Amino acid sequence: MRTQKIISSSVFQKYLMAASGLGLVGFVITHLLGNLLLYRSEGTAFNNYAHGLEGLGGLLYAAEFGLLGIAILHVIVALTLTLKKRRARSTGYSSVLRSKGGKSKSNLSSRYMAVSGSILLIFIVLHVIHFKYGPGIAEGYSVDIKGETARDLHRYVVEEFQKPLYVGLYAGVMVFLGFHLRHGFWSAFQSLGTNSPKYSKPIYALGVALALLLSTGFLCIPLWIYFGASR
Amino acid sequence: MSNTPANPSAKSDPAKLAKLMTLNLRVWRQKSPKEAGKFAAYTLKGVSPNMSFLEMLDLLNEGLHHSGDAPVEFDSDCREGICGSCSCMINGQAHGPELGTATCQLYMRKFKDGDTIVIEPWRATAFPLVRDLVVDRSALDRIISAGGYTSVKVGPHAEPNSMLVSKDNAEKAMDAAACIGCGACVAACPNGSASLFTAAKITHLSLLPQGKVESHRRSYRMVTQMDEEGFGHCTNIGECQSACPKDISIDTIATMRREYMKAIVKS
Ligand code: FES
């Protein structure tokens with residue numbers, strides 16, 4: 001009874017939201033680090049990296065399942081909390097709620113976390129289908145790595161980012177990633193209760209820097225490839 | 001009374017005192033929780049910039065009374081920003097545009113002649129509407145009853161050096177204790193959350209020796225009650241701390257979450 005109450009409490013739900021969110025941030029950081037190899041025009045390094053990941057076998061599956069679990073948790077908690085919001089104000093205001101400024105952290109990122117989050121969710125599903133389950137060796141995207149036939153993911157990525165639609169879409173979504181992280185990173189620490197007058201400001205600044213770095217890091221990849229800088 | 005000493009501020013700015021304003025008010029009128037409410041439009045003449053917002057509503061009510069209409073119901077008591085009774089959503093801002101100010105301490109000089117002011121009650125499912133601008137905020141009282149007290153007997157005057165409170169903690173506790181329980185945090189929160197209120201009380205008591213004794217039980221009980229009352233969740237937007245007439249910081253919300261975590265781990 002007590003355990004049930006604790007788990008469903010608004011404070012505990014925020015712990016879950018924060019922990020899963022930070023887990024996802026960790027993944028996004030490693031993902032970008034790997035993808036930095038795409039800034040090289042010659043695809044061997046990137047293909048080697050991709051092949052190396054596949055070579056992890058069971059370990060990779062475990063990591064993927066873990067990641068999927070974390071992502072699902074993040075989405076489910078977000079949904080429950082959003083539904084709670086509706087119930088908490090059944091009759092709304094006629095005038096639009098206007099921020100009073102001051103120390104409020106009310107801005108486009110903090111107010112529209114659900115919107116940026118939904119866009120990211122849809123994007124992630126499509127992105128995984130697009131690249132992870134996209135054409136491989138059987139479709140002719142093959143390359144020889146130390147005598148083994150491996151998937152030429154680099155060529156596929158470069159080809160896909162010759163299409164203006166994909167370039168625009170990928171770059172556009174990354175802006176939302178930045179918005180989501182700008183509030184989300186700091187918010188996670190606030191939800192876990194680690195913030196104090198001393199740390200709150202530096203953590204917020206770190207979140208903004210991380211949001212900027214990650215979103216521009218990803219955003220520039222399709223642009224870089226499209227405008228031929230990699231050739 | 002010609003020998004009344006002149007108000008010094010009026011002397012420095014006689015134009016302000018002289019220039020009365022005419023305002024267009026849109027006020028939420030609702031006879032009872034069951035009946036549907038709607039906005040009523042009033043043009044109010046003769047509003048002095050030196051009136052408080054509630055005095056302006058008094059002026060409106062005087063006029064309504066003379067014309068035989070029912071006055072607009074609103075809450076107020078101390079009218080000096082310490083009781084937490086007043087509560088108006090003014091143009092989409094809890095307690096109006098000024099930071100760190102309750103409606104009763106908001107002066108009409110913040111508005112201009114000819115302004116339109118939309119006045120609504122606090123909106124939250126946990127704050128059922130009673131009439132016009134009056135809502136029932138007893139949900140906050142129930143959160144307090146759930147754990148916002150100390151039940152240890154501290155006896156008569158204790159020897160002060162036997163239990164030291166650091167200056168830092170004393171100040172933090174005092175800042176949190178400034179909460180007057182008006183509910184502006186709930187009203188301004190896009191999620192209708194009462195986190196700032198609950199957190200202020202938990203922080204205040206957890207920092208002092210009398211409150212430490214029950215701190216785990218308290219944070220668990222108060223958070224549980226807060227959820228049961230149907231308040232929303234907190235997304236750390238921090239609009240509550242800007243709406244708070246007592247400038248209570250959302251650092252207290254981080255403290256509440258730490259206290260709650262301790263409550264889970266230690267019991
Ligand atoms: S009437 Fe007491 S705080 Fe405004």
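Within every chain, numbering begins at 1; the chains are lettered A, B, ... in the order of the sequence lines, protein sequences first and strands thereafter. No experiment lies behind these values; they were computed from the predicted model shown.
No other option in B:R257, B:E259, B:M261 has as many heavy-atom pairs under 4.5 Å with chain A as B:R257. For the set B:G232, B:C234, B:S249, B:A126, the entry with the most heavy-atom pairs within less than 4.5 Å of chain A is B:C234. Put simply, of B:G230, B:C189, B:A188, the one with the most heavy-atom pairs under 4.5 Å next to chain A is B:C189. Per-residue counts of heavy-atom pairs under 4.5 Å with chain B were compared for A:L81, A:T194, A:I6; the largest is that of A:L81. In terms of heavy-atom pairs under 4.5 Å with chain A, the best-connected choice from B:A94, B:P190, B:S195 is B:P190. Of the listed residues A:K14, A:R2, A:K5, the one with more heavy-atom pairs under 4.5 angstrom with chain B than any other is A:R2. Between chain A and the residues B:T255, B:T235, B:V223, B:V118, the largest count of heavy-atom pairs under 4.5 Å involves B:T235.
By the 30° and 60° cut-offs, the orientation of the rings of A:F161 relative to A:Y170 is perpendicular. Between A:H31 and A:H127, the two ring planes are tilted [angle within 30° to 60°].
Among the residues in residues 60-78 of chain A, none has a non-hydrogen atom closer than 4.5 angstrom to a non-hydrogen atom of chain B. Interface with chain B: from residues 212-222 of chain A, no residue qualifies, criterion being any non-hydrogen pair under 4.5 Å. Scanning residues 180-187 of chain A against chain B with a 4.5 Å non-hydrogen threshold yields A:H183, A:W186, A:S187, sorted by number.
The nearest pair of heavy atoms linking B:L106 to B:G96 is CD2-CA, 4.1 Å. Taking both residues in full, the closest heavy atoms of B:H233 and B:S193 are given as O-CB, 3.5 Å, listed atom of the first, atom of the second, then distance.
For residues 77-91 of chain A, the set of pairs meeting the side chain to side chain donor-acceptor pair (under 3.5 Å) definition, not counting sequence neighbours, comprises A:S90-B:T125.
A:Y156 has its ring centre less than 6.0 Å from the ring centre of A:F131. Outside the 6.0 Å centre-distance limit, the rings of A:F189 and A:Y199 are not counted as a close aromatic pair.
Contact annotation: the side chain of B:L196 approaches that of B:I248 to within less than 4.5 Å [non-hydrogen atoms, C-beta and beyond].
Donor-acceptor pairing under 3.5 Å is lacking for the side chains of B:S85 and B:D75.
Summarising the local packing, CD of A:Q4 is surrounded by 12 or fewer heavy atoms from other residues, nucleotides or ligands at distances under 6.0 Å.
Screening A:S9, A:S10, A:S8 for a side-chain hydrogen bond (donor to acceptor under 3.5 Å, both in side chains) with B:D227, the sole residue that qualifies is A:S10.
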